[in-house]
Peer 1: 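Here you go, one structure.
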Amino acid sequence: MTSSAAGGDLRAVDPRRFTGLLAESPLAYAAMVQSISGFGVYLIDARGNILTWNHGAELQTGLTHDEIVRQPYAALFDDASRAAGLPGQILGFAKYHGHYSDEHWRRRGADGRFQALATLDIVRDTQGTHTGFVEVVRDITADRKREKALYTQATTDTLTGLPNRGHFTEKAEQEIERARRYGDPLSVAMLDVDHFKAVNDNYGHHVGDIALQHVAEVLRQSARKIDIIGRLGGEEFAMVLPRANTQPAIEFCGRTRIALYRSRVDSPAGPLQISASIGVATLSREAPDLPSLLERADKALYKAKRHGRNRVETWLV
């Protein structure tokens, strides 16, 4: 066995490459994969009891050969999966279709669990009679955490934790398309922190960053579950308000503006009061997409700035 086979080379253990060996001598296949560490590989009899247990299975599950061999397949799953009947569903699917592959949670040790990529293949003897199953399992917990971290990094504004401009745009366009398809009202709002340059100039950028985080938190607390909030950049934020035409959108933004003005930023310089100007635009034939809605909301925003700040204005023809 090569070092790559002993580690994580799936080709070295793929049951579909060894159907002849599995048909003639399943235990010979089990012996061949015994020392592999990168994958859990084991045989299961036709009744669903575990027959063999390789080194990789022990490493990934924290369960020893003596603990698990002759136990039912369900012993590899956590309580929630067993309660949902997942082990029986997997065995039934594999028996009917000949193969099963999916990701789900598996038991680790007494009370832990790990995210597994599991493939289960039916085993037949040389006469074609179903004699059991062979399963290959790989722990993908770290892979999925890494992918989630990369996705978060790519889609989230690092300062505020809100969707960044790109991710906000993607989600907003999807919601606008949905609203257009079903004829639902929708509005877009843009918010800009008033006199933010003065905050940075008087107290420093660190306090400015704290102020922006405070604004983001007020927006989160004010928003409904269906609303989409994002930071466009600098001190500018945007909101998509599904199922809200102009008046409800103005009322929502008014409550948000008041909540922000009444709150205080807890900063090293002491409690700070900040305010914001907000512009609103509503989905219409003249503004049927995100660019046109943002353009109109931006014009309404600057109208609010011109009229004294700390107010909500709407775009009107």
Peer 1: More than 12 heavy atoms of other residues, nucleotides or ligands under 6.0 Å from NZ of Lys95: yes or no?
Peer 2: no
Peer 1: Looking only at heavy atoms, which two atoms of Ser263 and Leu260 are closest? And how far apart?
Peer 2: OG-O, 2.7 Å
Peer 1: Go through Phe77 and His104 one step at a time and tell me if the side chain to side chain contact (heavy atoms under 4.5 Å, CB included) criterion holds.
Peer 2: CA-CA 9 Å; Phe77 294 77; His104 51 257; 3.7 Å; yes
Peer 1: Are the side chain of Asn49 and the backbone of Asp45 linked by a donor-acceptor contact shorter than 3.5 Å?
Peer 2: no
Peer 1: Closer than 3.5 angstrom, by distance alone: can the side chain of Thr169 be matched with the main-chain N or O of Arg165 as a donor-acceptor pair?
Peer 2: yes
Peer 1: Counting heavy atoms not belonging to Arg181, are there more than 12 under 6.0 Å from its CZ?
Peer 2: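 For Arg181, atom CZ is crowded (more than 12 foreign heavy atoms under 6.0 Å).
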Peer 1: Kindly say whether Leu43 contributes a backbone atom to a donor-acceptor pair with the side chain of Thr52 at under 3.5 angstrom?
Peer 2: yes
Peer 1: Quick one: are Cys253 and Met239 in side-chain contact, heavy atoms under 4.5 Å?
Peer 2: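 When only atoms from C-beta onward are counted, Met239 and Cys253 do touch, with a gap below 4.5 Å.
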Peer 1: Around Phe196, counting heavy atoms of other residues, nucleotides and ligands shown, do more than 12 lie under 6.0 Å from its CZ?
Peer 2: yes
Peer 1: For residues Leu301 and Ser277, report the shortest heavy-atom separation together with the two atoms involved.
Peer 2: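 In this case the closest contact between Leu301 and Ser277 is CD1-O, 3.0 Å.
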Peer 1: As a quick check of understanding, evaluate side chain to side chain contact (heavy atoms under 4.5 Å, CB included) for Leu219 and Val215, giving each step before the final call.
Peer 2: CA-CA 6 Å; Leu219 291 176; Val215 172; 4.2 Å; yes
Peer 1: Give, for atom CZ of Arg146 and atom CD1 of Ile140, the distance between the pair rounded to the nearest 0.5 Å.
Peer 2: 11.0 Å
Peer 1: Taking the six-membered ring for Trp and the full ring for Phe, Tyr or His, determine whether the centres of Phe133 and His130 are under 6.0 Å apart.
Peer 2: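 Yes - the distance between ring centres of Phe133 and His130 falls below the 6.0 Å cut-off.
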Peer 1: How far does CG of Asn54 sit from CD1 of Ile36, to the nearest 0.5 angstrom?
Peer 2: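 These two atoms lie 7.0 Å from each other.
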Peer 1: Would you check if the side chain of Arg138 reaches a backbone N or O of Leu117 as a donor-acceptor pair within less than 3.5 Å?
Peer 2: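 Side chain of Arg138 to backbone of Leu117, a donor-acceptor pair under 3.5 Å: no, none is there.
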Peer 1: Same hydrophobic cluster for Val136 and Leu91, using side-chain heavy-atom links shorter than 4.5 Å among ILVMFWY?
Peer 2: no
Peer 1: Only one of Ile122, Leu22, Asp125 forms a side-chain contact (heavy atoms from CB on, under 4.5 Å) with Thr131, so which one is it?
Peer 2: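 The single option meeting the side-chain contact (heavy atoms from CB on, under 4.5 Å) with Thr131 is Asp125.
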Peer 1: Given side chain to side chain contact (heavy atoms under 4.5 Å, CB included), test His55 with Ser37 step by step and report yes or no.
Peer 2: CA-CA 6 Å; His55 182 53; Ser37 59; 3.8 Å; yes
Peer 1: May I ask you to decide if the ring planes of Tyr151 and His167 are parallel, tilted or perpendicular, using 30° and 60° as cut-offs?
Peer 2: perpendicular
Peer 1: Would you call the rings of Phe18 and Tyr29 parallel, tilted or perpendicular, where under 30° means parallel and over 60° means perpendicular?
Peer 2: tilted
Peer 1: Are the side chains of Gln174 and Glu170 in contact, using a 4.5 Å heavy-atom criterion?
Peer 2: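 Glu170 reaches Gln174 side chain to side chain.
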Peer 1: Can you confirm whether Leu63 sits close enough to Trp53 that some side-chain heavy atom of one is under 4.5 Å from a side-chain heavy atom of the other?
Peer 2: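 Leu63 reaches Trp53 side chain to side chain.
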Peer 1: With the 4.5 Å side-chain cut-off for hydrophobic clustering, are Val134 and Leu21 part of the same group?
Peer 2: yes
Peer 1: Salt bridge between Glu103 and Arg144, side-chain N to carboxylate O under 4.0 Å?
Peer 2: yes
Peer 1: Can you list every salt bridge (charged side-chain N to carboxylate O under 4.0 Å, His left out) pair that touches residues 104-114, not counting sequence neighbours?
Peer 2: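 Matches after skipping sequence neighbours: Asp78-Arg113, Arg106-Glu135, Arg108-Asp139.
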Peer 1: Between Leu293 and Leu283, which heavy-atom pair has the shortest distance, and what is it?
Peer 2: CD2-N, 3.6 Å
Peer 1: Could you name each residue pair satisfying side-chain hydrogen bond (donor to acceptor under 3.5 Å, both in side chains) that touches residues 237-251, not counting sequence neighbours?
Peer 2: Thr246-Thr282, Gln247-Glu251
Peer 1: Using modelled atom types only, decide if a donor and an acceptor are shared between the side chain of Thr61 and the backbone of Ala57 within a distance under 3.5 Å.
Peer 2: yes
Peer 1: Below 4.5 Å, heavy atoms only, C-beta onward: do Leu241 and Arg224 meet side chain to side chain?
Peer 2: yes
Peer 1: Using the rule that Ile, Leu, Val, Met, Phe, Trp and Tyr join whenever any side-chain heavy atoms are under 4.5 Å apart, tell me whether Leu290 and Ile228 fall into a single cluster.
Peer 2: yes
Peer 1: Distance only, no hydrogens: is a donor on one side chain within 3.5 Å (strictly under) of an acceptor on the other, for Gln221 and Glu217?
Peer 2: yes
Peer 1: State, yes or no, whether a side-chain contact exists between Pro268 and Ile210 at a heavy-atom distance under 4.5 Å.
Peer 2: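 Answer yes - side chains close enough.
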Peer 1: Counting N and O atoms only, with roles assigned by atom type, does the side chain of Gln115 sit under 3.5 Å from a partner on the main chain of Asp143, one being a donor and the other an acceptor?
Peer 2: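 Flag not set: sc Gln115 to bb Asp143 has no pair under 3.5 Å.
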Peer 1: Kindly compute the distance separating CG (Asp201) from NE2 (His195), expressed to the nearest 0.5 Å.
Peer 2: 12.5 Å
Peer 1: Taking all non-hydrogen atoms of both residues, which atom of Gly230 and which atom of Phe168 are closest, and how far apart?
Peer 2: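 Closest approach of Gly230 to Phe168, heavy atoms only: N-CD1, 3.6 Å.
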Peer 1: Ignoring hydrogens and angles, tell me if any N or O in the side chain of Thr126 forms a donor-acceptor pair with the backbone of Glu24 under 3.5 Å.
Peer 2: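 Answer holds: no.
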Peer 1: Is there a chain of hydrophobic side chains (I, L, V, M, F, W, Y, each step under 4.5 Å between heavy atoms) that links Leu51 to Val13?
Peer 2: yes
Peer 1: Indicate yes or no: at least one non-hydrogen side-chain atom of Asp227 is less than 4.5 angstrom from one of Phe252.
Peer 2: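 Touching, per the 4.5 Å side-chain cut-off.
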Peer 1: If you measure from CD1 on Ile90 to OH on Tyr73, what distance do you get to the nearest 0.5 Å?
Peer 2: 4.0 Å
Peer 1: Look only at the side chain of Thr156 and the backbone of Leu162, and say whether a donor-acceptor pair between them is shorter than 3.5 Å.
Peer 2: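 Looks like no, no N/O pair under 3.5 Å.
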Peer 1: Looking at Lys305 and Asp194, is there a salt bridge between them, counting it only when a charged N and a carboxylate O are closer than 4.0 Å?
Peer 2: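 Yes.
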Peer 1: Quick one: does any side-chain atom of Gln273 pair with a main-chain N or O of Tyr261 as donor and acceptor, under 3.5 Å?
Peer 2: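 Confirmed, Gln273 side chain pairs with Tyr261 backbone.
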Peer 1: To check you understand the geometry: which heavy-atom pair defines the closest contact between Ala211 and Val265, and what is its length?
Peer 2: CA-CG1, 3.9 Å
Peer 1: Any side-chain heavy-atom pair from Arg231 and Leu212 closer than 4.5 angstrom?
Peer 2: yes
Peer 1: Would the distance check show the side chain of Arg16 and the main-chain N or O of Asp121 forming a donor-acceptor pair, the cut-off being under 3.5 Å?
Peer 2: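 Between the backbone of Asp121 and the side chain of Arg16 there is no qualifying donor-acceptor contact (under 3.5 Å).
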Peer 1: Does Leu76 reach the side chain of Val137, with side-chain heavy atoms less than 4.5 Å apart?
Peer 2: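 Not in contact.
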Peer 1: Rounded to the nearest 0.5 Å, what separation is found between the CG atom of Asp192 and the CD atom of Glu236?
Peer 2: 5.5 Å
Peer 1: Work out which heavy atom in Gly62 is nearest to a heavy atom in Glu67; give both atom names and the distance.
Peer 2: O-OE1, 4.0 Å
Peer 1: Roughly how far, to the nearest 0.5 Å, is the NZ atom of Lys148 from the CG atom of Leu150?
Peer 2: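 NZ of Lys148 is found 12.5 Å from CG of Leu150.
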Peer 1: Under a 4.5 Å side-chain heavy-atom rule over Ile, Leu, Val, Met, Phe, Trp and Tyr, are Val193 and Tyr302 clustered together?
Peer 2: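 No, because Val193 and Tyr302 fall into different hydrophobic clusters, even though each may have its own neighbours under 4.5 Å.
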